[in-house]
Amino acid sequence: MTQDGDVQHPIVIAGAGIGGLAAALALAQQGHRIVLMDRARQLSEVGAGLQLSPNACSALDRLGVLDALKPVVCAPDSLRIWSGRSGRQLGRVQLGSFIEQRHGYPFWVVHRADLQRILLDKVRETPGITLRLGAEVLDLAPSPYEHLVCIYQDENETGNLHCRALIGADGVWSKTRKIVPRHQNAHFSGQVAYRATIPIDKVAPRWTRDSGLWLHSNSHLVHYPVRGDRELNVVALAEEAWQDETWSAKADKEALLHRFKDWPSDVRNLLRLPETWLKWALCSVDALGPWTHGHVALMGDAAHAMLPYMAQGAAMAIEDAIVLARHLPGDVKNIPAALRAFERSRKPRVSHIQSIAFRNARVFHYTGVPALARDTVLRLSKPARMTARFDGIYSWTADQ
Ligand SMILES: Cc1cc2nc3c(=O)[nH]c(=O)nc-3n(C[C@H](O)[C@H](O)[C@H](O)COP(=O)(O)OP(=O)(O)OC[C@H]3O[C@@H](n4cnc5c(N)ncnc54)[C@H](O)[C@@H]3O)c2cc1C
């Protein structure tokens, strides 16, 4: 029988992305030994901006990385919402000190690579965590003695590792998901995100003061500063049939400009600035599908990848890590029951936020009369009231 109380074997985490690194730290805080594997040989600079709302910052504080993040994050005063048709401002969500006073934690924006590096530095200095890069988790081996044996592939061999539990933090195109019966596959949304970063001294001040969200028919644009105000992160989202399982496919700038041909000229000039645009296909995984099976649990995008229209994908992965560790104290006796309890406690919140992201995906891209009605509501809404609409999401803390 698998010995749940037996601390001889480690917990294996598949994936050293944002969720896997956070889970390694949170589980190590509970006294577990961790083997953290990532198929990438090195955790590279791929990626661009992520938003860290107060709930994410509370979790990062628990992991002990909040101070290390301060030099590389930005804290915009507002999110300004603009019409991509007229170029006029439609509304404003108050962030900055307003949101920090309201929730006790700031609203930050960060480059994914900076967040990953800082979590990685913390992992490297934390006793009890072994990091294995270039090691891809493939499956569980059938074991006549019901030992949990994880199969992985590194550059030398296909190896076996006995473990107490396997945590699948291997992202939207997860392999470990297939271990969980009746799992849901990633579903392509029909939308593609083009992203680039631009040195801040190359753009006019109007782009860098606040975060921006621009709405147009079947497309929208998001921008905010990252890397301690040294770069502007720009993401342009549009409907497109292209699908690919990577984060860094090279995008055709001319095709992007063509898609945004009826946008205001200053937006088009901004889109002309980056030499290189990358793109990724927006996919989701139904959060209501199963996350656990025996000693295996999925978390983060592997369990519930969401469209980026509520900017909570990374936050949910980091929250998962805290709640997972809470259900797995070092002396846990029944790991399958603990993992099921983790799934039960997270699902309502995560599926609710996923459904808001789906709704926003429709609302952001409205055309015709619904777009006019949306714009009118935005114009009439007070900035503080707009912020308060998200209290239920942002008020989560690691102590709950
Ligand atoms: C390279 C990259 C760039 C990204 N860029 C952006 C961005 O610009 N903006 C944005 O909003 N979101 C981006 N994301 C997604 C964002 O990080 C996630 O939505 C969110 O942080 C949830 O994180 P996660 O840990 O669940 O998954 P991820 O952050 O996707 O991490 C998954 C990790 O698992 C590893 N992995 C995959 N399969 C295996 C396997 N079988 N065995 C071992 N390791 C495996 C991957 O190499 C990766 O490091 C990016 C993700 C990646 C991997």
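For this chain, numbers begin at 1 and follow the sequence in order. When a ligand or atom number is given, it counts from 1 through the structure's own listing order.
Scanning the protein for heavy atoms near atom 25 (O) of ligand 1, the closest one is G19 N, 2.7 Å. At the top of the distance list for atom 6 (C) of ligand 1, counting protein heavy atoms only, stands R112 CD, 3.8 Å.
Because its NZ or CZ atom is both nearer than 6.0 Å to the ring centre of W242 and within 45° of the ring axis, K279 counts as a cation-pi partner of that residue.
Under a 4.0 Å criterion applied to the non-hydrogen atoms of A48, ligand 1 contributes the atoms 7 (C), 8 (O). The atoms of ligand 1 that sit less than 4.0 Å from any heavy atom of A135 are 43 (C). Near A169, meaning under 4.0 Å from any of its heavy atoms, are these atoms of ligand 1: 32 (C), 33 (C), 34 (O).
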Donor-acceptor contacts under 3.5 Å from residues 80-87 side chains, at least two apart:
residue: R80; atom: NE; partner: D210; partner atom: OD2; Å: 2.7
residue: R80; atom: NH1; partner: Q89; partner atom: OE1; Å: 3.1
residue: R80; atom: NH2; partner: D210; partner atom: OD2; Å: 3.4
residue: S83; atom: OG; partner: R85; partner atom: N; Å: 3.1
residue: S83; atom: OG; partner: S86; partner atom: N; Å: 3.0
residue: S83; atom: OG; partner: S86; partner atom: OG; Å: 3.2
residue: R85; atom: NH2; partner: S217; partner atom: OG; Å: 2.6
residue: S86; atom: OG; partner: R88; partner atom: N; Å: 3.1

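How far OG1 of T208 is from CD of E231: 13.5 Å, rounded to the nearest 0.5 Å.
Using a 4.5 Å heavy-atom threshold, the side chains of V332 and I335 count as touching.
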**OP:** Take D154 and E136 through the test side chain to side chain contact (heavy atoms under 4.5 Å, CB included) and record every step on the way to the result.
**Re:** CA-CA 6 Å; D154 65 18; E136 179 173 20; over 6 Å; no
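At least one N or O atom of D301 sits closer than 3.5 Å to an N or O atom of ligand 1. When only interatomic distances are considered, the shortest N/O to N/O separation between Q116 and ligand 1 does not fall below 3.5 Å.
Judged by distance alone, with hydrogens and angles left aside, the side-chain atoms of H183 form a donor-acceptor pair with the main-chain N or O of V180 at under 3.5 Å.
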